[in-house]
Structure formats: C-alpha cells, structure tokens
Trainee: 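Take this structure first; my questions come after.
Chain letters run A, B, ... following the sequence lines, proteins first, then strands; residues in each count from 1. As the structure is a computational prediction, the values presented were derived from the model and not from experiment.
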Number of protein chains: 2
Amino acid sequence: MRLEYRLSERKKAILNAVIRDYITYGEPLGSRTIVQRHGFTLSPATIRNEMAELEEAGLLLQPHTSAGRVPSDKGYRFFVDHLMGAYVPSQEELIFIRRLEQTSRAIDAILSQATRILAEATQSVALAETPRLRRNHLQELHFQYLDPFSLVLSLIYRNGLRRQSVLKLSHSIYDGVLDLLSNYLNTQLRTTNSLDELFHRTVTLPLEQEVQKYRAIVMEMVSEIYAQAQRDERVYLTGTSYLLREPEFQSMEQAYPILSFLDQEHFVRQLFHSASHGVQIEGTHHVYCLIGYENTHEELQHCSLVATPYFIEDKASGMIGVLGPTRMDYSKVTAILQTVASNISLTMSKLF
Amino acid sequence: MRLEYRLSERKKAILNAVIRDYITYGEPLGSRTIVQRHGFTLSPATIRNEMAELEEAGLLLQPHTSAGRVPSDKGYRFFVDHLMGAYVPSQEELIFIRRLEQTSRAIDAILSQATRILAEATQSVALAETPRLRRNHLQELHFQYLDPFSLVLSLIYRNGLRRQSVLKLSHSIYDGVLDLLSNYLNTQLRTTNSLDELFHRTVTLPLEQEVQKYRAIVMEMVSEIYAQAQRDERVYLTGTSYLLREPEFQSMEQAYPILSFLDQEHFVRQLFHSASHGVQIEGTHHVYCLIGYENTHEELQHCSLVATPYFIEDKASGMIGVLGPTRMDYSKVTAILQTVASNISLTMSKLF
DNA sequence: ATTGGCACTCTGATTTGGGAAGTGCTAAAA
DNA sequence: TTTTAGCACTTCCCAAATCAGAGTGCCAAT
C-alpha cells in the first residue's frame, strides 16, 4: 500500500502546500494562491506545470477543468507517509486529554470517557472497542463455589486483565465436581489461546474421558462464559455530528451511507479489524491508517480512519480510533489519538 | 396539554383526512385533493372554508399563501387524542417483533435487540434505557465474603430484579464486620427507597453509633455500589439514519441539531424523564407522547416522541421509546412500541 | 528552465419568465 | 342559511439565460 515515488524536492513542497491548504480551507487550490500563501519564488505558470505532472502521477485531482487542484487519496497517502511532520499537542490539549485519568475506574467508563474526549479534541467521530475478551490470550479460569446453581467466575488474562462475575447455571454443581471441571478447563487452556478457541473446541470436539459424564455442565459453563464475554464486548462511538459539519458531508447523499454504516455495530467491529491491516504511520507505535479507497467498505470511500490499539500491561487489548473525511488533519489526529491511547493504557494498567 | 375543541363532525373528518394524507405523502394538502381522495360529497370551495376555520383554530397551517394545508402541532395533538384509531399490527410485524423472545437472556442484550427491532419496525429512531438501578425501589442488599478485599454483592429490587457482582474494596474486611455492616445497611434500606437515597443519606448524614468506627469502609462500600449501578445504567439508541430519510430532515440545518442532541447521552436521559410528563395516549397502558413544541428541548421542536415504560414483575423499571418527525405515524408507532415493550416485560420477567 | 500573455472552460450566483397549484372572495344557486 | 361556481391573485418552483470569477493549458518570448 505504501507509495514510493521519485519526486523532486520542489514537487514535494508543492504537494505539501496543496494538501496542507486543502486540509485547512477545504477548497481547491489554484496556482496563484499557492505562490502567494507559501512565498514560492516561482511564477504561477511554473507551479501549474508542476501540478499538471503531479496530477499525471495521480497525486492530485482536478474537480473540473478550470478548478484548482485537490489531493487524491494517493496524494494523502504520500503526505501521510512522507510529508506530514509530527504534531505536538498544545498544553491545553494535553490538559484536556488528561481529564481521563481523574475519572472513573472501570474499563467501560474509561473507554466511554475516552471516546468523548477524543471526539471533542479532534472534532471527528471517535470509536473504541472494549478489550477483546474472546480473542485475547486467556491464562486461567478460576471458579469459586457460591451456591449449588452459581459460581464466582474469574477470568485472568495474560495482559493482567481480570474479569470477575457471577455465573448462573441451570445444573446444580458440587464443590468436588467443580474442582475437577476447573482443572479440566485449565488444562485445556494450556493448548488453547483464547476463550474463542476454548469455546469452539468444546462445542465441536469430543470431551476427554474424565469429564465425559459432566458433558452437559461443561457445555453450559463454557457457553455461558462465552456469552458473558460476548455481551461485555462493546463498541463506543461518539461525535457523529461533527462529521456533518464538514463541507463534504453537507448533502444527505454523502452523509447518509456513513451514518447508516456507523449505526450498525457489527460493521464498526469489522472496521477495527480492517484497521489493523492498514499501513502503520511512520514514527508511531502501532498507529494505523486507512485512507479513502483503502477502506474495504464502500460507504467509507470518502473517509479516513486512524486507529491504534491500547495496551494493558504491554499487551494489545482493544482498539480506539478516529474516523473523519479524507481531508482530515492526519498529523494532529495521529498525535492526539496516540496521547489518548497511551492515557488509556496507563489508566487501565493501574486498575490491576 | 390535552386539547378540548368543539368541532363539528365534518371538521373532524376533514382534519382527519388532512393529517392522514400528510403523514402518508408528506406534502401539503389542497382542497381538491382532499375531496378526490376521500370521496367527500362536497365541493372544494366548502372544504376551503372549513379549512380556513380549522386554521383559525390553530389546528392547520399554511406554509405560504397559495399552498395547501399542513397539520400544526396542535393538530397532531388533537389527532392523537381524538381521531387516530388503534393500529393493529400485521402478522408479519408481530412475527418480526417476536424474534426478541428467542434471543439472548441478559437485560442488556434484550434492550439492545429491542431497540434494533423497534427502529426497524417503525423506521425511526428507537431508544431505551436500562432499568434505573439507582432509582428503582431497592429491597435488600446481600453480601457474601469472598476474600479480605472482595465481596459478592447482590442487589434485590422490589420488582424482582437482581444484580449480582463482585465488589472490590481497598479496605480489608472480616466476616464478622461484614454481617454488622450488612445489617446496618439493610436497616437503613427500610426507611429508604432507592440506592440514590441510600447513597446521599450516607454521604451527607452522620452514621449511627454502632458503625461509626467503620465509617471509611461503609463510605467506600456505598460509593462503590452506587458507582457500579451508575455504570450499569446505559442508554441504547439506534436508527438515527432513518431520520435522515425523512423529507423534513433533508437539509443539514434541520438534521444537525437533532443528531447532535442524540449524540449526548445525558440529553437522552432527560428525554426519558420528560417523556413521563407527556400526555398518556388514550386506550393505552402508559404510553406517553410528546409532540413538537411540547418537547422542552428546543432541538426537538420538529420531532415527536412516543415512549412507554417496560415492566419487570409489574413494576415500571425503565423506558423505551421512538423518536421521529412530528409527521410520524402515531397510531402505528404506538401499537408497535406497546407490543415491543410488553415483549420486553415478558422476556425480562422470565429471567427471575 | 521559466515566465507573461491570452484564449478557453467551467462553475455558481443571479435574473427572468412562464406554468402549476391553491387560495380567498363574491355573487349566484340550492 | 349553506353551498358552490367562477375568477383574480399569490406564491412557489423550475428551466433557461446571462455573467463574472477563478483557474487552466499552451505558446512564444526571456
């Protein structure tokens, strides 16, 4: 996906100028404006020639014959890969983001607050997923007898994440059997990476001899654990209205498909999945970027996504990201996203 | 809020015709069209005279001098109170709604699924709040010792609702003390209705003699219980994109304020609160309706809300509703909402 | 290699001139 | 007294016409 072009320094400077101005003003850029605003010691005619070549290379576009130039998706890609520098968040922004640490101390509350902060700081749509309870590396299952029909279940993950909950069963279970089953499941875990695998293996493969007679109970336990995890995997999304302020989404034909897409949680999940196949932004710690046509979902052809995982005890646990028009301020968004994500990681790691 | 007018049967018939047609077609109605479509044995001129009077009464509006008539908010109100009959959902609709019962068995999953069904069935925005854990009538707190720093907490509500969770404390606590504090809190509950009251009382009033020395622990327990409840009170909202299909929200000036409003969870909460102060729709079991200007939030001046509580063991526990343009099909929405709500009540009551 | 000059293109805002739809009013009819 | 036909009038909406502005591409001169 990454683009390699041999561009003269001058072409780079011009491309850079066009993209920066377009991001700022949202209007096609003409040769004269470029010269004036960036103090090139060249005439507009020269710029025009250069821009014509940049267009031939597919980095710029002309909305129509007599309009100025606009960056193409490839142009943005080149910009993100080679031209944009690192943005340094202002003191105010840092203070604003840091409000996260002071607030609530539950994973859900942190993510909910984080998306809110992220959306406001970037004036874009912010999205986050809770830790992938079914996919993350699970280390241990721990059960504690409560009454014949209920257990206290503790899930202990490699990244230190722990979930405790009460597990209700329709079969009664005795303390001795519980130990047996607990041992069995934890043995299974040694060759299994995640709840997902444990669940599918239990459902599809025959059980070992020793627990054969408790088949129904094992099934119910695993299914119930899996269902609980699934329920607790949520998506947080906020800031859709910021999208509607952008000039490119003023008409409903443009805005509708996107809002409709975002209204469907499973699409948003897929989005996070595809994000990790995006191109990593240079100089960042796992910040990924998908620009316009790089999005597999057609509805998002005019959007870009910047996303990054947050870490619990240095293990990637879930993702958080920003969705905006392709004409977004990539540099700023990247920096703010990174800051927010590392704040999440920090705050969450403190929980354990 | 309810309107009492002395209207001749003929005026009612005309008003009825105008509103029904406007709901269906979304365009101002002229006298000629009314006569044709509804087979009145009157000339357009007569209809015109009648409509002029209905306009004087504030029930109809004219967008401009030579346009047809459109219902005013008062017109809709009169329609909802006196004219619209009960809608009987079709077999397909009932089957569609009934899918709710088959799916998951956790409160959150039920509400999430219910909003989805409701939004699709009404082609409008659907919203739901989880049971009001802080406000509902709390009957008993039950603690079970787990380890020095954690307890299993059971909240038992009057409506049969039970929440179990693990409560982590920073103070260690011993079994004996736990009994004492548990007794104390449950005694408090006898003169207290809700978690909300319990929390505020604990924070503001001095503690009784007996538990004075455990002040810090009591504080932490109550705060943590309260915080957990707060976190578990969620709002589900889906179907915003349907709103954007309505002709009245084609332009961003119209749509933006509403979407921006809905993006803020606390506003949606307020919305539910104001809903219960709306007018109850005749012939329904607690279905409330707010039309256009009756909404206290300015952003919703062109929207109507129909909302109803769902019941767990016959106790109202939270609300679910539909938001649409004032030009919504009130009769249909009311019927479907009612069906969905009673399905929720049924499904939830089965959980306990 | 760069630039000034110029003809050309396309957009977007504004104006103009009909229909079309629908009203209110008046006077006649029932 | 109520209803209706007739007619003048209002307003919107659409399409066509016009025009200024912005920007281009290309050519010939520097």
Trainee: Please determine whether any donor N or O and acceptor N or O are separated by less than 3.5 Å between the side chain of B/S66 and the base of C/dT23.
Mentor: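 Result: no qualifying N/O pair found.
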Trainee: Distance from B/T240 atom OG1 to B/L323 atom CG, nearest 0.5 Å?
Mentor: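 Spacing of OG1 (B/T240) from CG (B/L323) equals 10.5 Å.
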Trainee: What is the distance, to the nearest angstrom, from the NE2 atom on A/H64 to the P atom on C/dG12?
Mentor: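 Rounded to whole Å, this separation is 6 Å.
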Trainee: Once you round it to whole Å, what is the distance between P of C/dT2 and CZ of A/F40?
Mentor: 13 Å
Trainee: Looking at C/dT2, I'd like to know if its phosphate oxygens (OP1 or OP2) sit under 4.0 Å from a side-chain N or O belonging to A/R10.
Mentor: yes
Trainee: Identify whether the distance between the nearest side-chain nitrogen and carboxylate oxygen of B/R77 and B/D73 falls below 4.0 Å.
Mentor: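 Salt bridge absent between B/R77 and B/D73.
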Trainee: Ignoring hydrogens and geometry, is there a side-chain-to-backbone donor-acceptor pair from A/D21 to A/V18 under 3.5 Å?
Mentor: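 Flag not set: sc A/D21 to bb A/V18 has no pair under 3.5 Å.
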Trainee: Starting from C1' on D/dT2, measure out to CD on B/E50 and report it in whole angstrom.
Mentor: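 Interatomic distance, CD of B/E50 to C1' of D/dT2: 11 Å.
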Trainee: Using only side-chain N and O atoms of B/T65, determine if any of them is under 4.0 Å from OP1 or OP2 of D/dT11.
Mentor: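 Indeed, a polar side-chain atom of B/T65 lies that close.
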Trainee: What's the closest nucleotide to the side chain of A/L42 if the choices are C/dT23, D/dT24, C/dT3?
Mentor: C/dT3
Trainee: Below the 4.0 Å mark, does D/dT4 have OP1 or OP2 next to a side-chain nitrogen or oxygen of B/R32?
Mentor: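 Negative; the distance criterion is not met.
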Trainee: Between B/Q62 (CD) and C/dA21 (P), how many Å, whole number?
Mentor: 17 Å
Trainee: Give the rounded distance in Å between these two atoms: CD1 of B/I47 and C1' of D/dT4.
Mentor: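 B/I47 atom CD1 is separated from D/dT4 atom C1' by 12 Å.
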Trainee: Between B/T41 and B/P63, just flag the one whose closest nucleotide in DNA chain D comes earlier from the 5' side.
Mentor: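 Result: B/T41.
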Trainee: Quick one: which of C/dG22, D/dG25, D/dT4 gets closest to the side chain of B/A45?
Mentor: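 Among the listed nucleotides, the one closest to the side chain of B/A45 is D/dT4.
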Trainee: Starting from P on C/dG22, measure out to CG on B/L29 and report it in whole angstrom.
Mentor: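 Roughly 9 Å, once rounded to whole Å.
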Trainee: Without decimals, in angstroms, what is the distance between B/R69 CZ and C/dT23 C1'?
Mentor: 7 Å
Trainee: Round to the nearest Å and state the distance from A/R48 atom CZ to D/dG25 atom P.
Mentor: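 From A/R48 CZ to D/dG25 P: 8 Å.
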Trainee: Under 4.0 Å between a side-chain N or O of A/T46 and OP1 or OP2 of C/dT3?
Mentor: yes
Trainee: Looking only at heavy atoms, what is the nearest atom pair of A/N295 and A/C303, with distance?
Mentor: ND2-O, 3.0 Å
Trainee: Has B/R327 got its NZ or CZ under 6.0 Å from the middle of the six-membered ring of B/Y25, at an angle within 45 degrees of the ring axis?
Mentor: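 Checked: cation-pi criterion not met.
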